**Student:** 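Here it is, the structure, as structure tokens.
Naming: A, B, ... by sequence-line order, numbering from 1 per chain. For clarity, every value in this text was computed on a predicted model and none was experimentally measured.
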Number of protein chains: 2
Amino acid sequence: MMKDFECTQESYAREVLREKGLKSTTQRLAVVHVLHTSRKSLSVGEIHDGVKEMLGATGLATIYRTLEMFEDLGIVKRLHFPDGGRGYAFSQGEHVHHMVCVDCRGVFDFPECPVESFDYASVEKQGFRVKDHFVQLFGQCGKCAEAA
Amino acid sequence: MMKDFECTQESYAREVLREKGLKSTTQRLAVVHVLHTSRKSLSVGEIHDGVKEMLGATGLATIYRTLEMFEDLGIVKRLHFPDGGRGYAFSQGEHVHHMVCVDCRGVFDFPECPVESFDYASVEKQGFRVKDHFVQLFGQCGKCAEAA
DNA sequence: TATTAAATGAGAATGATTTTCAATTAGCTC
DNA sequence: GAGCTAATTGAAAATCATTCTCATTTAATA
Ligand SMILES: [Zn+2]
Ligand SMILES: [Zn+2]
Ligand SMILES: [Zn+2]
Ligand SMILES: [Zn+2]
């Protein structure tokens, strides 16, 4: 299965999968497509709907399996909303963070890392070794601010 | 219901609840107790267990209701783990962030805010208005590093 | 085109969270 | 301290989210 036209995001995913000896299945590429063509983060259900629209009946378990795997591979980033909901956004492995609109769940990247230059001394003094971090900004996007 | 001995955390919760016209029930104070006496973040189930140990049979729904309410009141902070799990940590409304040990789920506060001095210009240029943020550091605590 | 390990689908199973409503209780007032 | 009342709880059902199982299908390679 190799489409004539393939966007950079799909090629990227295909490449990462191949490197790991994983298969570039129709379903996996559809998940990439659905995610990267959305300017908002999507819930598992929304991704499932999007994939079904492209491919017809598709198992929900496949979506779960794909998202978990993509997260490990850095192909998607999981976001957390104040209301407890979760969303997924496409990612190309780069170190980026997101700001999310709490109204429409739109996602906006920001490549600068606010934590990068942070001095961990005070926390490492407590014997803690920092390995990773999660940063997410909340707010309102321009459209939602207007609408309000 | 007013205990003879009450720690500052419990008084704090009691005060916040009173200010909002909410009742300081035995169950709610037990949730506070269980959380603030734990040096690790706790899952809903663990909190439920802790409360049952203090009070005997207690409805799980009450724990959920309490945690949701406490989150709104700033009495607890919800944490997110890489494996998808969630944990809750006691909080006194202050602006703190947490580093969490991915092995034992221990929580360590750090009062410095890495995002505070961050220049939002690049993101606000996109029409986005930043209102809040979530920062969490991951790593290994001293004990778990030794054990490993 | 044949081979084969990897992946999918369907539904059952499990687990997490929310809802419902009758019974209980905290926080007043007297 | 007893009585009042709205807020809260408990228990179980209902709903929603996630994982598992295993027979079938498919991508990748030769
Ligand atoms: Zn928006
Ligand atoms: Zn960063
Ligand atoms: Zn630890
Ligand atoms: Zn902060």
**Student:** Can you tell me the distance, in whole Å, between the NZ atom of B:Lys52 and the C1' atom of D:dG10?
**Tutor:**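 Taking atom C1' of D:dG10 as the reference, NZ of B:Lys52 is at 13 Å.
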**Student:** Please state whether the phosphate of D:dT19, meaning OP1 or OP2, lies under 4.0 angstrom from any side-chain nitrogen or oxygen of A:Tyr64.
**Tutor:**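 For D:dT19, neither OP1 nor OP2 has a side-chain N or O of A:Tyr64 closer than 4.0 Å.
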**Student:** Heavy-atom count around B:Arg86 CZ within 6.0 Å, excluding the residue itself: above 12?
**Tutor:**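 Atom CZ in B:Arg86 is crowded, with more than 12 foreign heavy atoms closer than 6.0 Å.
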**Student:** How many Å lie between CG on A:Leu55 and C1' on C:dA7, as a whole number?
**Tutor:**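 From A:Leu55 CG to C:dA7 C1': 14 Å.
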**Student:** Applying the side chain to side chain contact (heavy atoms under 4.5 Å, CB included) test to A:Arg28, which of A:Met69, A:His33, A:Arg65 qualifies?
**Tutor:**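 Among the candidates, only A:Met69 passes.
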**Student:** What's the CD1-P distance between B:Ile63 and C:dT18, to the nearest Å?
**Tutor:**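 Roughly 14 Å, once rounded to whole Å.
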**Student:** What is the separation between atom CG on A:Leu67 and atom P on D:dA17, rounded to the nearest whole Å?
**Tutor:**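 Going from A:Leu67 (CG) to D:dA17 (P), I get 14 Å.
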**Student:** Is B:Arg65 close enough to C:dT20 that one of its side-chain N or O atoms is under 4.0 Å from OP1 or OP2 there?
**Tutor:**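 False: B:Arg65 side-chain N/O out of range (4.0 Å or more) of C:dT20 OP1/OP2.
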**Student:** Between A:Thr58 and B:Leu60, which residue's closest nucleotide on DNA chain C lies nearer the 5′ terminus?
**Tutor:**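 Of the two residues, A:Thr58 wins.
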**Student:** Under a 4.0 Å threshold between the charged nitrogen and the carboxylate oxygen, would B:Arg18 count as salt-bridged to B:Glu15?
**Tutor:**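 The answer is yes: the pair qualifies as a salt bridge.
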**Student:** Which of the following nucleotides, D:dG10, D:dT8, C:dT17, is nearest to the side chain of B:Leu22?
**Tutor:**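 Looking only at heavy atoms from C-beta outward on B:Leu22, the closest nucleotide is D:dT8.
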**Student:** Can you find a side chain N or O atom of A:Gln27 that sits less than 4.0 Å from OP1 or OP2 on D:dA27?
**Tutor:**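 A:Gln27 to D:dA27 OP1/OP2: no side-chain N or O under 4.0 Å.
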